[in-house]
Student: 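Quick one: structure below, then a few questions.
Only a predicted model underlies this, so the values are computations on that prediction, with no experimental measurement involved. Heavy atoms only: backbone and side chains are in, while hydrogens, waters and symmetry mates are out.
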Amino acid sequence: MTLILNLPPELEQYLLQEAKQQGISLEAITLQLLENSILLRQKQAEAVNLLQSWIDDQDIEEQQETGQYLIHALDQDRLSERQLFPIEMKGVSW
C-alpha cells in the first residue's frame with residue numbers, strides 16, 4: 001500500500017536523522033517505527049486483558065493459596081535471613 005503523509009518539519013527531521021543513523025532508507029525507518037508502535041500496543045492490550053482476567057477470576061481460595069505461595073517463595077529465596085513478609089506484619093504493612 002502506498003501512503004502519502006504531510007509531516008511537520010520536526011518529525012521529518014527526526015525520521016531523516018534516524019534513517020541516517022541506522023543506515024536505512026526513510027521509508028524503511030518509518031515502516032519500522034510504525035510496526036514497533038503497533039506491536040507495542042498489541043502487547044499492552046494483551047497484558048491488560050490478562051490482568052483483567054486475573055481480576056475477574058472469582059476463585060478466592062486459589063488466589064489466597066497463590067498469594068501464600070508467593071510470599072513463602074519470596075521469603076525462602078533470599079540471601080538474607082530477614083524475611084520480606086514477617087507474619088507479625090501481616091495486615092499492617094502487607
Student: I need the Leu50 CG to Glu46 CD distance, nearest 0.5 Å.
Tutor: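 The CD atom of Glu46 is 9.5 Å from CG of Leu50, to the nearest 0.5 Å.
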Student: Rounded to the nearest 0.5 Å, how far apart are CG of Leu16 and OG1 of Thr30?
Tutor: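 Output value for this atom pair is 8.5 Å.
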Student: I need the Thr2 OG1 to Glu27 CD distance, nearest 0.5 Å.
Tutor: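 Going from the OG1 atom of Thr2 to the CD atom of Glu27 covers 10.5 Å.
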Student: Transitively linked via ILVMFWY side-chain contacts under 4.5 Å: Leu3 with Leu7?
Tutor: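 Linked within one cluster.
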Student: Can you name the closest pair of heavy atoms from Glu18 and Ile29 and give their distance?
Tutor: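 Here Glu18 and Ile29 meet closest at CB-CG1, 3.8 Å.
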Student: If every non-hydrogen atom of Leu74 is compared with every non-hydrogen atom of Phe85, which pair is closest and at what distance?
Tutor: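 Smallest interatomic distance, heavy atoms only, reads CD1-CE1, 3.7 Å.
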Student: For the hydrophobic clusters of this structure (ILVMFWY residues joined by side-chain heavy atoms under 4.5 Å, transitively), does one cluster hold both Leu40 and Leu34?
Tutor: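 No.
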Student: Report the distance from atom CG of Asp75 to atom CG of Leu70, rounding to the nearest 0.5 Å.
Tutor: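 If I round to the nearest 0.5 Å, the distance is 11.0 Å.
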Student: Looking at Glu61, I want to see if its CD is surrounded by more than 12 non-hydrogen atoms of other residues, nucleotides or ligands under 6.0 Å.
Tutor: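 No, CD of Glu61 has 12 or fewer neighbouring heavy atoms, counting only those of other groups under 6.0 Å.
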Student: Can you tell me how far apart CD1 (Ile71) and NZ (Lys90) are? Round to the nearest 0.5 Å.
Tutor: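 Answer for the CD1-NZ pair, Ile71 versus Lys90, is 6.5 Å.
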Student: Sort out for me which residue in Leu33, Ile38, Leu31 forms a side-chain contact (heavy atoms from CB on, under 4.5 Å) with Glu35.
Tutor: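 The single option meeting the side-chain contact (heavy atoms from CB on, under 4.5 Å) with Glu35 is Leu31.
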Student: When hydrophobic residues are tied together by side-chain contacts of less than 4.5 Å, even through go-betweens, does Tyr14 share a cluster with Leu5?
Tutor: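 Linked, Tyr14 and Leu5 end up in one cluster.
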Student: CD of Gln13: more than 12 outside heavy atoms within 6.0 angstrom?
Tutor: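 Atom CD in Gln13 is not crowded, with 12 or fewer foreign heavy atoms closer than 6.0 Å.
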